[in-house]
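The figures here come from the full heavy-atom set of this structure, side chains too, leaving out hydrogens, waters and symmetry mates. Reminder, nothing fancy here: chain letters follow the sequence lines and each chain counts from 1.
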Protein chains: 2
Amino acid sequence: MTRKNNILLAATHLLAVKGFKETSMAELAKVAEVAQGTIFYHYKTKEDLFLAILKSFQEDIVAEFSRYRQAQQSACGLDMVAGVIDFYLHMASQMEERFMLLHRHDAHELARSNAEFHACLEAIYDCLIDIFEQAILAGQKDGSIGECSPRRMAMIVFTMVDGLVRFHTYNLYDVGGLYEDVVRVCEAMLKNNIQ
Amino acid sequence: MTRKNNILLAATHLLAVKGFKETSMAELAKVAEVAQGTIFYHYKTKEDLFLAILKSFQEDIVAEFSRYRQAQQSACGLDMVAGVIDFYLHMASQMEERFMLLHRHDAHELARSNAEFHACLEAIYDCLIDIFEQAILAGQKDGSIGECSPRRMAMIVFTMVDGLVRFHTYNLYDVGGLYEDVVRVCEAMLKNNIQ
DNA sequence: AAAAATTGATTGAGTAGTCAGTATAAAAGG
DNA sequence: CCTTTTATACTGACTACTCAATCAATTTTT
């Protein structure tokens with residue numbers, strides 16, 4: 001049991017940091033401190049192993065985000081959006097490597113030919129966008145957020161926040177000070193009626 | 001000359017669609033309709049070839065965007081921002097494959113160990129963000145855009161628009177209707193004083 | 001005839017996945 | 001309590017194959 005878990009942990013790290021094709025089973029075996037054969041005993045193929053990682057990520061992320069949704073009870077919907085952004089960024093740094101997995105093309109490419117990958121990715125993204133949508137809907141109910149398509153706005157906010165995480169991963173610009181700006185910008189664009 | 005260009009074109013396509021590691025020189029030779037040796041006659045290594053592609057992209061994108069900057073003379077800065085978003089999305093669909101190249105981790109990973117890659121990527125991103133910044137600065141001058149850090153706002157707008165392009169590439173959601181929303185959202189967040 | 005461009009067979013390192021066999025430990029039988 | 005059986009976990013050498021890069025030989029251009 002320890003070994004199977006070692007493999008999963010080491011593989012998550014390597015696939016996130018180096019990518020699917022760039023990670024060899026020989027290297028993984030070394031990092032996980034098992035024999036190469038052991039990996040294939042637990043996971044039929046390299047793709048299978050990747051899928052197992054993604055599935056465990058899906059479970060964890062869905063659990064984590066639904067736990068947050070139930071725990072929080074902010075004053076108004078607009079503040080909830082700010083809270084969700086904060087929580088998203090917190091999660092992204094907590095699960096940094098697994099979020100990197102989402103930002104690579106590997107999973108998305110496999111999703112094109114493998115239905116299980118596709119379903120898994122869809123579930124993850126739905127969960128991520130849902131949490132923004134819920135906050136916006138709450139804001140529309142209490143009047144703190146203007147008339148708009150909640151789903152579309154949720155996708156736009158998600159796009160912004162996720163882009164920030166990506167920027168940070170790529171390390172091209174110092175993104176530290178942008179977090180607060182993004183929160184303010186989102187509030188500005190939501191509290192006013194947009195068309 | 002024809003062959004060298006064939007190689008560059010075919011390589012751009014393959015690297016964008018399949019990725020660096022996933023593209024073999026044998027396959028490239030077949031697509032470019034040259035012998036494998038010919039590729040290595042013109043480009044010392046696979047990495048060299050990639051760098052040549054990125055450099056040519058840099059030149060083209062810088063030229064294209066500075067041409068646009070000089071050509072346009074919109075009414076006010078706020079409208080200019082909308083115009084720039086439009087232009088960016090237009091460019092991204094015109095140069096779809098090369099933008100895909102930017103979104104892959106390949107170039108960013110090479111940039112970590114190879115200074116030329118780093119410089120090239122930095123130049124490209126600077127150019128992309130600059131054009132948004134210019135529009136925001138113009139808007140602040142003519143009063144159509146409120147007080148804010150132009151660079152930071154430019155990065156946020158860029159993050160949104162680029163995220164949209166990425167969404168489209170990954171094909172997870174129908175992103176068609178979002179274009180107009182993003183333009184409206186950007187206007188809403190810029191025309192009001194934030195902070 | 002000298003220089004530049006092109007070729008494809010070849011090389012050696014690296015790849016995912018297999019497999020015959022070994023270790024471990026729990027259950028069954030004496 | 002001590003064997004024997006059975007199932008599961010594990011091992012690393014091995015296979016068949018792919019890869020980037022090389023190079024001697026050939027063709028094309030100047």
Quiz item: Taking only N and O in the side chain of B:Arg3, is any of them less than 4.0 Å away from OP1 or OP2 of C:dT6?
Solution: yes
Quiz item: Taking only residues two or more places apart in sequence or in another chain, which ones pass ring pair (Phe, Tyr, Trp, His ring centres under 6.0 Å) with B:His105?
Solution: A:Tyr170
Self-check item: Nearest-angstrom distance from the residue atom CG of B:Asn5 to P of C:dA5
Solution: 14 Å
Quiz item: Taking only residues two or more places apart in sequence or in another chain, which ones pass ring pair (Phe, Tyr, Trp, His ring centres under 6.0 Å) with B:Phe117?
Solution: B:Phe50
Quiz item: Listed by chain and number, what are the ring pair (Phe, Tyr, Trp, His ring centres under 6.0 Å) partners of A:Phe57, not counting sequence neighbours?
Solution: A:Phe99
Quiz item: Closer than 4.0 Å, any side-chain N/O of B:His42 to the OP1 or OP2 of C:dA4?
Solution: no
Any N/O pairs under 3.5 Å between the protein and nucleotides 13-17 of chain C? List them or say none.
| unit_1 | atom_1 | unit_2 | atom_2 | d |
| --- | --- | --- | --- | --- |
| C:dA16 | OP1 | A:Thr23 | O | 3.3 |
| C:dA16 | OP1 | A:Lys46 | NZ | 2.8 |
| C:dA16 | OP2 | A:Met25 | N | 2.8 |
| C:dG17 | OP2 | A:Lys46 | N | 2.8 |

Practice problem: Using heavy atoms and a sub-4.0 Å distance, could you list which residues of residues 104-117 of chain B are near DNA chain D? By number, please. | Solution: none
Quiz item: With side chains defined as the heavy atoms from C-beta onward, is the minimum distance between A:Phe132 and A:Ile85 less than 4.5 Å?
Solution: yes
Exercise. Check the distance between C:dA5's C1' and B:Ile39's CD1 and give it to me in whole angstrom.
Key: 14 Å
Quiz item: So which one's nearest nucleotide on DNA chain D is more toward 5', A:Tyr41 or A:Gly37?
Solution: A:Tyr41
Quiz item: Between A:Arg98 and A:Ser56, does a side-chain hydrogen bond (donor to acceptor under 3.5 Å, both in side chains) hold up when you go through it step by step?
Solution: CA-CA 10 Å; A:Arg98 290 150 110 190; A:Ser56 115; 3.3 Å; yes
Quiz item: Does B:Glu33 CD have over 12 foreign heavy atoms under 6.0 Å away?
Solution: no
Quiz item: Tell me: CG of B:Leu14 to P of D:dA20, nearest whole Å?
Solution: 11 Å
Quiz prompt | Atom pair distance, as rounded to whole Å: CD in B:Glu27 and P in D:dA21 | solution = 16 Å
Quiz item: Has B:Lys46 got its NZ or CZ under 6.0 Å from the middle of the six-membered ring of B:Phe40, at an angle within 45 degrees of the ring axis?
Solution: no
Self-check item: Step-by-step side-chain hydrogen bond (donor to acceptor under 3.5 Å, both in side chains) determination, A:Asp162 to A:Tyr88
Solution: CA-CA 9 Å; A:Asp162 195 56; A:Tyr88 187 91; 2.9 Å; yes
Quiz prompt | Which residues share a salt bridge (charged side-chain N to carboxylate O under 4.0 Å, His left out) with B:Asp126, sequence neighbours left out | solution = B:Arg151
Quiz prompt | Distance, rounded to the nearest Å, where A:Ile7 contributes CD1 and D:dA9 contributes P | solution = 12 Å
Quiz item: If you check the B:Ala35 side chain, which of C:dT7, D:dT11, C:dA4 turns out closest?
Solution: C:dT7
Quiz item: Given C:dG8, C:dA4, D:dT11, which nucleotide is nearest the side-chain atoms of A:Thr38?
Solution: D:dT11
